[in-house]
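Working notes, structure below.
The figures here come from the full heavy-atom set of this structure, side chains too, leaving out hydrogens, waters and symmetry mates.
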Amino acid sequence: MPSFIVPLAIRYFFVSLAITIAGMVAVALLLAYNVVDDIGSSLSFAVTYASGVWAGTYFRKQEDRMAEWGECWRISAVLLVPQFLLEILHGAFSYALTGSLFGQLASDPGILIGTIVFGLTFGALIAWVVTATAFRIGSKAARKPKKA
């Protein structure tokens with residue numbers, strides 16, 4: 001693991017948070033002004049992809065080389081921690097706004113817990129693959145030549 005993994009994870013969290021907030025504001029405005037009637041749930045994967053590309057370019061700047069696939073998988077596994085924290089914050093914020101979690105599922109705690117665990121596990125697997133792929137793409141970014 002590179003020595004800059006902790007600053008990378010912290011920056012990854014804040015980049016993801018900023019993109020998430022911007023996306024939520026944009027979606028809220030689109031819904032408020034009746035531009036759209038329904039929004040899909042793909043925003044979280046767009047956030048994961050964009051943050052992964054950013055992390056890959058940060059790796060490229062620090063190491064001055066493209067990341068190997070093995071490094072991509074290991075680093076993206078570490079980056080699941082800030083992504084998981086962001087998902088918890090997003091879920092808590094959504095719960096605070098709406099007051100109910102999954103509507104009718106809240107009446108049966110067993111089904112609710114199972115749904116949450118399955119969703120987080122499946123989401124983490126998808127986020128791991130998306131982040132690793134985006135990290136590799138970001139690490140291919142060409143460095144700008146230094147001005148003399």
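Taken together through direct or relayed side-chain contacts under 4.5 Å among Ile, Leu, Val, Met, Phe, Trp and Tyr, F122 and V130 form part of one hydrophobic cluster. Under a hydrophobic-cluster definition in which Ile, Leu, Val, Met, Phe, Trp and Tyr are linked whenever side-chain heavy atoms come within less than 4.5 Å, directly or via other members, V129 and F59 are assigned to different clusters. Residues L30 and V25 fall within the same hydrophobic cluster, defined by Ile, Leu, Val, Met, Phe, Trp and Tyr side chains chained together at heavy-atom separations under 4.5 Å. Both L89 and V47 belong to a common hydrophobic cluster when Ile, Leu, Val, Met, Phe, Trp and Tyr are linked at side-chain heavy-atom distances under 4.5 angstrom. The hydrophobic cluster containing F13 also contains V15, counting ILVMFWY residues as joined when their side-chain heavy atoms lie under 4.5 angstrom apart, directly or transitively.
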Item checked: Trace of the side-chain contact (heavy atoms from CB on, under 4.5 Å) decision for L17 with Y12 -> CA-CA 8 Å; L17 183 63; Y12 179 87; over 6 Å; no
Item checked: Derivation and outcome, side-chain contact (heavy atoms from CB on, under 4.5 Å), residues E71 and R65 -> CA-CA 12 Å; E71 291 174 310; R65 65 179 175 84; 2.6 Å; yes
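Side-chain contact between F14 and I19 is absent, with no heavy atoms from C-beta onward closer than 4.5 Å. Between I126 and F45, the closest side-chain pair of non-hydrogen atoms falls below 4.5 Å.
Taken from CZ in R74 to CD1 in I5, the straight-line distance is 10.0 Å, to the nearest 0.5 Å. The line from CZ of R136 to CD1 of I75 is 12.0 Å long, rounded to the nearest 0.5 Å. Summarising the geometry, atom CZ belonging to F84 is positioned 5.0 Å from atom CG belonging to L120; distances are rounded to the nearest 0.5 Å.
Between A124 and L80 the shortest heavy-atom distance is O-CD2, 3.6 Å. Among all heavy-atom pairs drawn from T131 and L79, the shortest one is CG2-CD1, 4.1 Å. G138 approaches T57 most closely through the heavy-atom pair O-CG2, 3.2 Å. Nearest approach of A132 to W69, heavy atoms of both residues: O-CZ3, 4.0 Å. Nearest heavy-atom pair, Q83 versus A127, reported as atom, atom and distance to 0.1 Å: CG-CB, 4.5 Å.
Legend: residues meeting side-chain hydrogen bond (donor to acceptor under 3.5 Å, both in side chains) with S139, ordered by chain and number and at least two apart, are absent. Scored by the ring-ring contact (aromatic ring centres under 6.0 Å, His included) test, Y58 finds F4, W54 as partners (sequence neighbours excluded). A search for side-chain hydrogen bond (donor to acceptor under 3.5 Å, both in side chains) contacts involving W128 returns S76, not counting sequence neighbours.
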